[in-house]
Amino acid sequence: MYNTTVFTLSGLNETTDYRVTLFSLTLLCYCVILLVNVTLIVTIIWDKNLHEPMYILLCNMCINGLYGTSGFYPKFLFDLLSNIHIISYVGCLFQAFVIYSSACSDFSILAVMAYDRYVAICKPLQYHSVMTKQKLFNLIFYSWILPHSMIGITLMLSSRLTLCGFHIQKLYCSNWSVVKLACTSTIPNDVFGYVAILFYFGHVIFIVCSYILLIRSCLKSIENRGKFMQTCIPHLLSLFNFTLALFFDVMYVRYGSSNVKESIQNFLAIEFLFIPPILNPVIYGFKLTKIRNKILRFVTKLVMK
């Protein structure tokens, strides 16, 4: 039994010979994440023509992406330049809270975006009466407060555990990595963890059902088909991209084998912190005409100067 105040992290044992190169690439990746997300956020906030539910939700997704990656990249960059990879107990729980509350918020935002597209395409005449400012505010509030509350409860349950270890077999802290170190009963953690997984799996089912209705509506109308291709394809790509990345992480953390090569373990662990934060704003930025035109116009002005 340990009175754990500090955890050690793993995953960087094979990077000794090319740590500086990895640091440079990681820093470049983080700068790209900051650039593409901030560009979309500023574009949407700056232009009043983009103050519509779909773009406001996209803005929230980008803000959430910045929030989630801030829980990983600064600490990871520091670890790449250090020979000792440790994190305090409080720091570990806080990092897990930031990363996974952001991941759950992404699912909630994607579900709200699916609802928005369903109303816009299937019930266009009722859209503005349904998606009022108050309802949009309530949906955005839900997409932030509920995931943070669920992850907060999960980590509160974990903080009550007596731990029999201090080594986390991962590049960063996750709730399940801490729970696996417990030497007391983890049944409440297991039950609540599976409830949370089922709850967000329900989000995926809701989104799939929304798109089944959308596709049925689009088959009846050429105009709706155009709307679907313009606004829904980016959403589907984002959903597929994020769900697959997070699925790899959850499955590996819970059921993965320590015999898997360290580089593969690391890829599975950071995929949802690397690919979605870059691809989501890029996909929407190129696909949505209004945003693409605004960004191109701004870039053109800068070049002309």
Side-chain angles (χ1 to χ4, degrees), residues 1-11 64 67-72 75 85-112 141-207 242-260 265 268-273:
M1 186 182 298
Y2 296 89
N3 182 19
T4 306
T5 57
V6 173
F7 293 106
T8 58
L9 302 172
S10 65
N64 186 56
Y67 162 68
T69 52
S70 69
F72 169 70
K75 176 69 171 72
H85 310 126
I86 60 173
I87 187 170
S88 68
Y89 180 84
V90 174
C92 181
L93 295 183
F94 181 71
Q95 184 181 53
F97 176 79
V98 171
I99 291 174
Y100 286 95
S101 62
S102 171
C104 292
S105 289
D106 255 344
F107 266 120
S108 296
I109 293 169
L110 286 168
V112 174
F141 181 77
Y142 147 78
S143 66
W144 281 89
I145 198 68
L146 187 59
H148 284 72
S149 299
M150 291 191 74
I151 297 301
I153 293 170
T154 302
L155 291 170
M156 282 177 61
L157 290 171
S158 299
S159 68
R160 297 165 61 89
L161 296 173
T162 302
L163 305 182
C164 290
F166 55 84
H167 183 65
I168 292 176
Q169 295 183 335
K170 204 171 184 180
L171 290 168
Y172 57 88
C173 287
S174 68
N175 176 65
W176 194 248
S177 298
V178 175
V179 171
K180 288 197 292 188
L181 299 176
C183 46
T184 53
S185 174
T186 62
I187 291 175
N189 303 74
D190 295 339
V191 171
F192 193 81
Y194 285 116
V195 167
I197 290 172
L198 287 173
F199 179 74
Y200 282 99
F201 183 72
H203 280 53
V204 177
I205 298 298
F206 172 80
I207 295 169
F242 184 75
T243 303
L244 191 65
L246 194 60
F247 176 79
F248 281 142
D249 177 69
V250 172
M251 289 300 102
Y252 182 76
V253 167
R254 285 184 173 256
Y255 309 112
S257 169
S258 58
N259 297 324
V260 177
Q265 292 181 38
L268 293 174
I270 69 170
E271 187 187 2
F272 80 100
L273 292 164

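What you see is a predicted model; the values in this text were computed from it and never measured.
In terms of modelled atom types and a separation under 3.5 Å, the side chain of Thr154 and the main chain of Met150 share a donor-acceptor contact. Judged by distance alone, the side chain of Ser10 and the main-chain N or O of Lys170 form a donor-acceptor pair under 3.5 Å. Put simply, the side chain of Ser143 never gets that close to the backbone of Ser105: no donor and acceptor are under 3.5 Å apart. For Ser149 (side chain) and Ile145 (main-chain N/O), a donor-acceptor pair under 3.5 Å exists by modelled atom type.
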Verdict with reasoning, Leu155 to Phe94, per side chain to side chain contact (heavy atoms under 4.5 Å, CB included): CA-CA 9 Å; Leu155 291 170; Phe94 181 71; over 6 Å; no
Could you go step by step and tell me if Val178 and Leu161 meet the side chain to side chain contact (heavy atoms under 4.5 Å, CB included) rule? CA-CA 9 Å; Val178 175; Leu161 296 173; 5.7 Å; no
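For Phe192, the CZ atom counts as densely surrounded, since its 6.0 Å shell holds more than 12 non-hydrogen atoms of other residues, nucleotides or ligands. Atom CZ of Phe199 has more than 12 neighbouring heavy atoms from other residues, nucleotides or ligands inside a 6.0 Å radius.
Side-chain contact between Val98 and Tyr67 is present, with heavy atoms from C-beta onward closer than 4.5 Å. Considering only heavy atoms from C-beta on, Tyr100 stays 4.5 Å or farther from Asn175 through its side chain. You'll find the side chain of Cys173 reaches within 4.5 Å of the side chain of Leu9, heavy atoms only. Side chains of Ser108 and Tyr200 form a contact here, defined as non-hydrogen atoms less than 4.5 Å apart.
Applying the side chain to side chain contact (heavy atoms under 4.5 Å, CB included) test between Ser158 and each of Leu181, Ile153, Val179 identifies Val179 as the sole match.
Taking the six-membered ring where the residue is Trp, the centroids of His203 and Phe206 are separated by 6.0 Å or more.
A distance of 9.5 Å separates CD of Gln169 from OG1 of Thr8, quoted to the nearest 0.5 Å. A distance of 10.5 Å separates CZ in Phe166 from OG1 in Thr5, rounded to the nearest 0.5 Å. Rounding to the nearest 0.5 angstrom, the gap separating the CD1 atom in Ile87 from the CG atom in Leu93 is 9.0 Å. Atom-to-atom distance recorded for His85:NE2 and Leu171:CG is 9.5 Å, nearest 0.5 angstrom. Going from atom OG of Ser174 over to atom CD1 of Ile99 covers 8.5 Å, rounded to the nearest 0.5 Å. To the nearest 0.5 angstrom, Ser70 atom OG is 10.0 Å from Gln95 atom CD.
When the side chain to side chain contact (heavy atoms under 4.5 Å, CB included) test is applied to Leu198, no partner is found at least two apart in sequence or on another chain.
When all heavy atoms of Gly68 and Leu273 are compared, the closest pair comes out as O-CD2, 4.2 Å. The two atoms that bring Pro188 and Leu157 nearest to each other are O-CD1, 4.0 Å, heavy atoms only.
Using the six-membered ring where Trp is involved, Tyr172 and Phe272 have ring planes that are perpendicular, over 60° apart on the 30 and 60° scheme.
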